[in-house]
Visitor: 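Pasting in a structure now, in structure tokens, and then I'll have a few things to ask.
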Amino acid sequence: MNLKRLNTEFTRFVFVGVVNTLSYYSIYLFLHNVLDWAYMLSHVIGFLISLNISFFLNTYVTYRVKPTLKKYLYFPLTQVVNMSVSTFLIFIFVEFLHINSNIAPFAAVIFTIPVTFVVSGKILKAPVQSK
């Protein structure tokens, strides 16, 4: 197996996504099951914390670019669609499809991966313009 072929942006993005999803899911489960917080509050807080983790992992590992304040401030835009779609899906999965609230966030992530890859690449790889 050629390791160089596995070292693509998308492969690194998927790896970072797995790490980030595990961090989000760990935070979510802790807040929801250990602290007994509502599933939606646990989702939002876990998402916000993992957003910061995602920024640094994506700049250093996925796209191999220098993190800047401007990119950090724009990076949440990559997650607007992700957050909206995942929140909507979690709600549908739990309230209407009666999927366990511990599984619903993981299922929702699967639908948001391709869009997040494209949008985050555009923002993080954009050239930094100096004034």
Side-chain angles (χ1 to χ4, degrees):
M1 177 177 279
N2 187 348
L3 291 178
K4 193 171 189 172
R5 287 193 336 196
L6 290 176
N7 191 18
T8 66
E9 276 185 354
F10 188 73
T11 304
R12 293 188 306 264
F13 179 80
V14 170
F15 172 75
V16 164
V18 168
V19 170
N20 195 52
T21 299
L22 290 174
S23 67
Y24 156 78
Y25 197 54
S26 298
I27 294 164
Y28 173 82
L29 289 176
F30 176 77
L31 297 175
H32 183 51
N33 292 317
V34 176
L35 299 183
D36 200 29
W37 290 7
Y39 72 88
M40 196 56 70
L41 178 61
S42 300
H43 163 65
V44 171
I45 294 190
F47 189 89
L48 292 173
I49 293 170
S50 69
L51 177 66
N52 287 285
I53 295 168
S54 179
F55 172 75
F56 289 104
L57 287 175
N58 275 299
T59 55
Y60 288 118
V61 177
T62 302
Y63 301 108
R64 298 177 177 169
V65 296
K66 180 182 176 187
T68 64
L69 180 58
K70 181 178 179 181
K71 289 178 183 179
Y72 180 78
L73 294 175
Y74 276 105
F75 187 72
L77 295 176
T78 68
Q79 301 299 313
V80 170
V81 171
N82 185 345
M83 179 66 163
S84 301
V85 172
S86 65
T87 300
F88 175 74
L89 287 173
I90 290 170
F91 178 76
I92 296 300
F93 291 162
V94 171
E95 299 299 328
F96 295 104
L97 300 178
H98 307 289
I99 293 175
N100 184 294
S101 60
N102 290 322
I103 297 170
F106 183 71
V109 165
I110 295 167
F111 293 97
T112 61
I113 290 171
V115 174
T116 305
F117 173 71
V118 171
V119 176
S120 63
K122 288 188 181 296
I123 287 177
L124 293 178
K125 294 192 306 183
V128 178
Q129 297 176 359
S130 58
K131 293 182 180 181

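No experiment lies behind these values; they were computed from the predicted model shown.
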Visitor: Between Val14 and Phe117, is any pair of side-chain heavy atoms under 4.5 Å apart?
Guide: no

Visitor: Check whether any side-chain N or O of Thr87 sits under 3.5 Å from a backbone N or O of Ser84 as a donor-acceptor pair, and report yes or no.
Guide: no

Visitor: OG of Ser101 to NE2 of His43: how many Å apart, nearest 0.5 Å?
Guide: 12.5 Å

Visitor: Roughly how far apart are Arg64 CZ and Leu124 CG, rounded to 0.5 Å?
Guide: 14.0 Å

Visitor: Give a yes or no on whether the backbone of Ser54 and the side-chain of Asn58 come within a donor-acceptor separation of less than 3.5 Å.
Guide: yes

Visitor: Please report the shortest heavy-atom distance between Thr59 and Pro67, naming the atom on each side.
Guide: OG1-CB, 3.9 Å

Visitor: Working to the nearest 0.5 Å, report the span between NE2 of His98 and CD1 of Ile92.
Guide: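 The NE2 atom of His98 sits 11.0 Å away from the CD1 atom of Ile92.
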
Visitor: Check the pair Phe75 / Leu51 against side-chain contact (heavy atoms from CB on, under 4.5 Å), numbers first and verdict last.
Guide: CA-CA 9 Å; Phe75 187 72; Leu51 177 66; 3.7 Å; yes

Visitor: In Å, rounded to the nearest 0.5 Å, how long is the span from CG of Leu31 to CG of Leu41?
Guide: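 Separation between the atoms: 7.5 Å.
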
Visitor: In chain order, what residues pass the side chain to side chain donor-acceptor pair (under 3.5 Å) check against Tyr28, with sequence neighbours excluded?
Guide: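 Tyr28 satisfies side chain to side chain donor-acceptor pair (under 3.5 Å) with no other residue.
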
Visitor: For the OH atom of Tyr74 and the CZ atom of Phe55, what is their distance to the nearest 0.5 Å?
Guide: 13.0 Å

Visitor: Considering only heavy atoms from C-beta outward, does the side chain of Asn52 approach that of Tyr72 to under 4.5 Å?
Guide: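 Touching, per the 4.5 Å side-chain cut-off.
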
Visitor: Which atoms form the tightest heavy-atom contact between Ser23 and Ile53, and what is the distance?
Guide: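 So the two residues come closest at OG-CD1, 3.8 Å.
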
Visitor: Regarding Tyr63 and Ser120, do their side chains bring together a donor and an acceptor under 3.5 Å, going by distance alone?
Guide: yes

Visitor: Residues in side chain to side chain donor-acceptor pair (under 3.5 Å) with Thr116, at least two apart?
Guide: Asn82

Visitor: Tell me the closest heavy-atom pair linking Val94 and Ala104, and the distance in Å.
Guide: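 In terms of heavy atoms, the two residues are closest at CG2-CB, 3.7 Å.
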
Visitor: Nearest 0.5 Å please: distance from the CZ atom of Phe13 over to the CZ atom of Phe10.
Guide: 7.0 Å

Visitor: Please report the shortest heavy-atom distance between Lys125 and Glu9, naming the atom on each side.
Guide: NZ-OE1, 2.9 Å

Visitor: Considering non-hydrogen atoms only, spot the tightest contact between Ala108 and Leu89 and give its length.
Guide: CB-CB, 3.9 Å

Visitor: Ala38 and His32: which non-hydrogen atoms are nearest, and at how many Å?
Guide: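 Heavy atoms only, the tightest pair is C-ND1, 3.8 Å.
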
Visitor: Using the rule that Ile, Leu, Val, Met, Phe, Trp and Tyr join whenever any side-chain heavy atoms are under 4.5 Å apart, tell me whether Val118 and Ile110 fall into a single cluster.
Guide: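 No, Val118 and Ile110 fall in different hydrophobic clusters.
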
Visitor: Any idea how Tyr25 and Phe106 line up, ring-wise: parallel (<30°), tilted (30 to 60°), or perpendicular (>60°)?
Guide: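 Aromatic pair Tyr25/Phe106 classed tilted.
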
Visitor: Considering only heavy atoms from C-beta outward, does the side chain of Phe30 approach that of Trp37 to under 4.5 Å?
Guide: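 Side-chain contact under 4.5 Å: no.
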
Visitor: Among Leu29, Asp36, Leu35, find the one that has a side-chain contact (heavy atoms from CB on, under 4.5 Å) with Asn33.
Guide: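 Of Leu29, Asp36, Leu35, side-chain contact (heavy atoms from CB on, under 4.5 Å) with Asn33 is met by Leu29 alone.
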
Visitor: Mind checking whether Val65 and Lys71 have side chains closer than 4.5 Å, heavy atoms only?
Guide: yes

